[in-house]
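Read the structure below first, then the notes.
Just so we're clear, the structure is a prediction, and the values are computed from it rather than from any experiment. Only heavy atoms go into these numbers, but all of them, side chains included; no hydrogens, no water, no symmetry mates.
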Amino acid sequence: MAVKRQQQMKVSIITSCFNREHTIRDSIESVLSQDYDNIEYIVVDGASTDSTLSIINEYRDRISVIISEPDSGMYEGINKGLKLATGDIVGLLHSDDVFYATDSISQIVNEFKRTNSDFVYGNGIFVRPDDMNYVVRDWISGGYEHKKLSRGWLPLHTTVYVKRNVFDIVGYYDEKYKISADSDWQLRCLYKNILKVSYLNEYIIRMRMGGASTSFKKTIQKWREDLNLYHNMKLNPYISLTCKVLSKIPQFITAKLKFFKRQRT
């Protein structure tokens, strides 16, 4: 049963997309299937040349805002959506991803209410593009400690939800970073600014492998951007990046162990 709207916090969810005809429907329906009914859904399309916009328009009466115009990349699209958002809480759902469960947003809202935090994050899984049930990486974010940031730790970005005024404090995504703008923004939130942070130890998201941040061919560009942003934050870029890369290894191992355990039961 959907939660009643009375006295609810409004949640803005932004999806930025370009030529995602094979995955955008899953993302949209994932938002629309949430049991939390005070959601403002904003979809920003970068003037797709495939059938992405046609699919989006099938849901026009259930999407709060649709924009379709050329942009310079995902983060410009996200920034456009953020500037239009009117929710008390704001988060992202990328066009290759879906929510882990139908009550994911309800869990996030309850955590904000319980803790009165500015910044809430959780866990996520990475799955094969052709099989959303085949887990490749198991990202358990773990609790927040400021000292962990210098060792490359960050929450999984797509599980992060913040109060809307956080963008007034830390600003929007820096569009000079084509892949690592999310890491830069999170470091501005967590390393440079004093925010009340809460870790929700629940799975929030399923992410398809092969997106801008997971494709192997983009790895070198991402590392270069990471080195640059760590340097700008006055962190040791080589220590931070090395720790960040090494921290991913257990996520693959854990996913494999869980998969084999399921196969044997």
Common cluster, [X]/[Y], ILVMFWY with side-chain heavy-atom separation under 4.5 Å:
X	Y	value
Ile239	Trp223	no
Leu93	Met9	yes
Tyr121	Leu82	yes
Tyr41	Phe18	no
Tyr177	Ile14	yes

| query | Among Val166, Asn193, Leu190, whose side-chain contact (heavy atoms from CB on, under 4.5 Å) with Phe119 holds? | reply | Leu190

| task | Please confirm whether the backbone N or O of Val90 pairs with a side-chain atom of Ser12, one donor and one acceptor, at under 3.5 Å? | result | no

Spatial distance of atom [atom1] ([X]) from atom [atom2] ([Y]) [nearest 0.5 Å]:
X	Y	atom1	atom2	result
Leu32	Asp37	CG	CG	12.5 Å
Leu187	Met233	CG	CE	5.0 Å
Arg25	Ile56	CZ	CD1	10.5 Å
Lys244	Ser183	NZ	OG	3.0 Å
Ile125	Ile140	CD1	CD1	9.5 Å
Gln34	Ile13	CD	CD1	6.5 Å

Below 4.5 Å, heavy atoms only, C-beta onward: do [X] and [Y] meet side chain to side chain?
X	Y	result
Met207	Leu156	yes
Asn133	Arg206	yes
Ile169	Asp118	no
Trp185	Val160	yes
Ile66	Arg60	yes
Asp182	Leu92	no

Please find the pair of heavy atoms, one from [X] and one from [Y], that lie closest to each other, and give the distance.
X	Y	result
Thr52	Arg20	OG1-N, 2.7 Å
Gly122	Ser141	O-OG, 2.7 Å
Lys178	Glu225	N-OE2, 3.0 Å
Leu235	Ser150	CD2-CB, 3.8 Å
Leu154	Trp139	O-CZ2, 3.5 Å

| task | Apply ring-ring contact (aromatic ring centres under 6.0 Å, His included) to the pair Tyr191 and Trp153, showing each step before the final yes or no. | result | CA-CA 11 Å; Tyr191 190 74; Trp153 178 88; over 10 Å; no

| request: Count the heavy atoms of every other residue, nucleotide or ligand shown that sit under 6.0 Å from NZ of Lys248, and state whether that count exceeds 12. | output: yes

| said: A quick test of your reading: do over 12 heavy atoms of other residues, nucleotides or ligands sit less than 6.0 Å from NE2 of His146? | reply: yes

Hydrogens and angles aside, do [X] and [Y] bring a side-chain donor and acceptor to less than 3.5 Å of each other?
X	Y	result
Tyr36	Asn38	no
Thr115	Lys196	no
Asp35	Thr102	no
Asn19	Thr49	yes
Ser51	Glu21	yes

| request: Would you verify whether the NZ or CZ of Lys163 falls within 45 degrees of the ring axis of Phe112 while also being under 6.0 Å from that six-membered ring's centre? | output: no

| query | Parallel, tilted or perpendicular: which describes the rings of Phe99 and Tyr161, with under 30° parallel and over 60° perpendicular? | reply | tilted

| field | Sequence-distant partners of Tyr100, ring-ring contact (aromatic ring centres under 6.0 Å, His included), two or more places apart | value | Tyr203

| Pairs in or reaching into residues 46-98: which pass ring pair (Phe, Tyr, Trp, His ring centres under 6.0 Å), with residues at least two apart or in two chains? | Tyr75-Tyr173

| note | Residues at least two apart in sequence or cross-chain that pass salt bridge (Lys or Arg N to Asp or Glu O under 4.0 Å) with Asp130, listed by chain then number, are Arg128

| query | Are any of the side-chain nitrogens in Asp26 or Arg208 under 4.0 Å away from the carboxylate oxygens of its partner? | reply | yes

| message | Under a 4.0 Å threshold between the charged nitrogen and the carboxylate oxygen, would Arg114 count as salt-bridged to Glu111? | response | yes

